[in-house]
There are 2 protein chains.
Amino acid sequence: MAGPMYRQIAQDLRRKIESGELEPGARLPNEMEFREEYDASRNTIRDAIKWLIIRGLVETKPGQGTFVVRQLEPIVTTLSEDPDTGMAGGEGKAAFAEINKRRAQRDEQRRQEREKAMLGDGESPAADQDLGGRPEGEPRASAPTVEVKFAPAYVAERLRIPDGAEVLVRHQEFFIGRTPWSLQTTFYPFDLVSRGKGAPELMRARDIEVGTVEYLRDTLGLVQCGYRVRILVRRPNEAEARFFGLPDDGRVPVVSLIRTGYEDTADGPYPFRLTITVLPADRNQFVINSGKYPEELAAPARDQ
Amino acid sequence: MAGPMYRQIAQDLRRKIESGELEPGARLPNEMEFREEYDASRNTIRDAIKWLIIRGLVETKPGQGTFVVRQLEPIVTTLSEDPDTGMAGGEGKAAFAEINKRRAQRDEQRRQEREKAMLGDGESPAADQDLGGRPEGEPRASAPTVEVKFAPAYVAERLRIPDGAEVLVRHQEFFIGRTPWSLQTTFYPFDLVSRGKGAPELMRARDIEVGTVEYLRDTLGLVQCGYRVRILVRRPNEAEARFFGLPDDGRVPVVSLIRTGYEDTADGPYPFRLTITVLPADRNQFVINSGKYPEELAAPARDQ
DNA sequence: GCAAATTTGTTCGTATGTATT
DNA sequence: CAATACATACGAACAAATTTG
């Protein structure tokens, strides 16, 4: 036959899950029942379930059982500028407007689909069962924390300041309703913040409503001439896993958006701001637009 | 103490790996030796090692042993247009130019660092030990495969064609030297390809040297007015894991770049091309530039 | 609020299979 | 072919988390 027993068991369960025979959220038989069903030892059953856990198909809860995981509906963030507002997406509050816009689009789309379905079979199809599991509620940001620290190597390199130089660190948590959505940390060279008359608002633990880029331009005359975003995928660290409620193994990666803002100097564009935004990769997608493109976004489907 | 024994053992080994006490590529003691060292059963040792495997810290090879994994040095791809060439990055051959450019930059940077180090201590520091593990060799593309298929749902939706309509599918594999780098699949509505006098080159299994966007403009008068790239992260499917040589559990995710090209019509921008590029997430990073930004790229470091 | 039942988690021991050197 | 090292599979006992009565 095909490979070890635990893999055959796992494959069989996988087929049942992917075919829909076992629905998202459904409870699987317990280990003893599986033991009889597949005529294998408990440890072998457990190996099969571990195989499914690693692949994100099921999750176990002590004292409760094993469950088919519910796929989360991705939130889509636009990284290119909005030609209307000129705002760069993916940055804290700027992204909230987009979330609300897309959500309205999506709801309208669904309403139409439902209407069409109603005409078809007459029967109301379990209305709002929401198998997808979409975070609901208002977008919301925590109060910023403000610190002055010595720059770690990866920050110093990007801000082109000496290793260990002081940086002002602003950190914020973003939520959609009660669901954690993103973590954002911004670094400014401390020298810069104390230029001229300084930028006092930056040191305070409250939102800068006008946006930091505008604030720095108005107070310090610091003009952002351009920026660069680096996108990378990695395993979450412990704090991130805790905040997002991700499993403590690294099987759900995070996307890290590293944005460096530049000001124009005699030596060319020079970095003055570094913002790192971290989001869980299993519930976020990103979009870059160029030229003329449709206003509406296709559904955030998978590509296979 | 803190939690189950296998976790304590795993934590201890993790510390040794992250502190550098165990270097990348180093062989760990075998299971029996660990059994003595930690005074635990073989199964417990194996549980500890499994914990490390899931997190990508070590890998096991039957008959050989357990090894600390070598981190791969990421390849950086620019997704925004190059203002000089106007080329959109991340698309097949267009990206090769960038790889070569960045590589030259990187080598120069390293040469300078080495020179500086030589002045400092006089001792030659193990020269080119290349702990990073960077794919070497010339960028190279496989011959394209060409098929006509019925559009799967996710393709039909993005191309706004009926579900199951025919599409022309071109597929290519990209390598750097002998290392697999990316998989790329492009879908065209079949109706479009047979417009007017048709686009015969598109049906042939060979490279279109001028680039497909230019070719379609010249033959069909099809002008791309804009595009949208959607970025998502997911587990590789079986074929992708095989091609990239990824572990067959899903612990190394892939990044999927879904690019829709639009032409200008009376109804607004309408999709005419869909390109899906898939790359392993553990060895690729992406960059988006806007406005004025430095020519050179900071090293592809991690953000923590 | 507490005790019992249920379910998964951890740890041991042992034997045999499979891949590599 | 033999030795080495990890992989699979079984059985057993107790621990920890959760729900139920």
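No hydrogens, no waters, no symmetry mates; every other heavy atom, side chains included, goes into these values. Lettering of chains follows the sequences in order, A, B, ..., and the numbering in each one begins at 1.
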Under 3.5 Å, is there a donor-acceptor pair between the side chain of A/E157 and the main chain of A/Y154?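 Here the side-chain-to-backbone pair does not exist.
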Taking CG in B/D248 as the centre, count heavy atoms belonging to other residues, nucleotides or ligands within less than 6.0 Å. Is the count above 12?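 Check passes, neighbour count above 12.
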Would you indicate whether A/E238, at its atom CD, is surrounded by more than 12 heavy atoms from other residues, nucleotides or ligands within a distance under 6.0 Å?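 Result for CD/A/E238: open.
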So, OP1 or OP2 of [N]: does either fall under 4.0 Å of a side-chain N or O from [X]?
X	N	answer
A/R7	D/dA7	no
B/Q64	C/dA19	no
B/T66	D/dC6	yes
A/T44	D/dT8	no

Please report, rounded to the nearest Å, how far the [atom2] atom of [N] is from the [atom1] atom of [X].
X	N	atom1	atom2	answer
B/Q8	C/dT10	CD	P	12 Å
A/D248	C/dG9	CG	C1'	13 Å
B/D39	C/dT10	CG	P	19 Å
A/I45	C/dT8	CD1	P	11 Å
B/K61	C/dT18	NZ	C1'	17 Å
A/K50	C/dT10	NZ	P	8 Å
A/D47	C/dT8	CG	P	15 Å
B/E59	D/dA7	CD	P	11 Å

Would you indicate which nucleotide in [options] comes nearest to any side-chain atom of [X]?
X	options	answer
A/R46	C/dT11, C/dT8, D/dC10	C/dT8
A/N43	D/dA12, D/dA5, D/dT8	D/dA12
B/Y6	C/dT11, D/dT8, D/dC10	C/dT11

Does the D/dA9 base have a donor-acceptor partner in the side chain of A/R42 within less than 3.5 Å?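 When only heavy-atom distances are counted, A/R42 does not reach the base of D/dA9 through any donor-acceptor pair under 3.5 Å.
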With nearest nucleotide decided by heavy atoms, which residue, B/P62 or A/P4, maps closer to the 5′ end of DNA chain D?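 The answer here is B/P62.
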Of B/R27 and A/S41, whose nearest nucleotide on DNA chain D comes first from the 5' end?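 Upstream on the strand: B/R27.
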Can you confirm if the aromatic rings of A/F286 and B/F286 lie within a centre distance of less than 6.0 Å?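 When the ring centroids of B/F286 and A/F286 are compared, they turn out to be at least 6.0 Å apart.
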Please report the C-alpha distance between A/F243 and A/F174 in whole Å, then the side-chain angles of each, then the deciding distance to 0.1 Å, and finally whether the ring-ring contact (aromatic ring centres under 6.0 Å, His included) criterion is met. CA-CA 10 Å; A/F243 175 70; A/F174 293 89; 9.5 Å; no
5′-ward residue of the pair B/M5/A/E33 relative to DNA chain C: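 It is A/E33 whose nearest nucleotide is closer to the 5' end.
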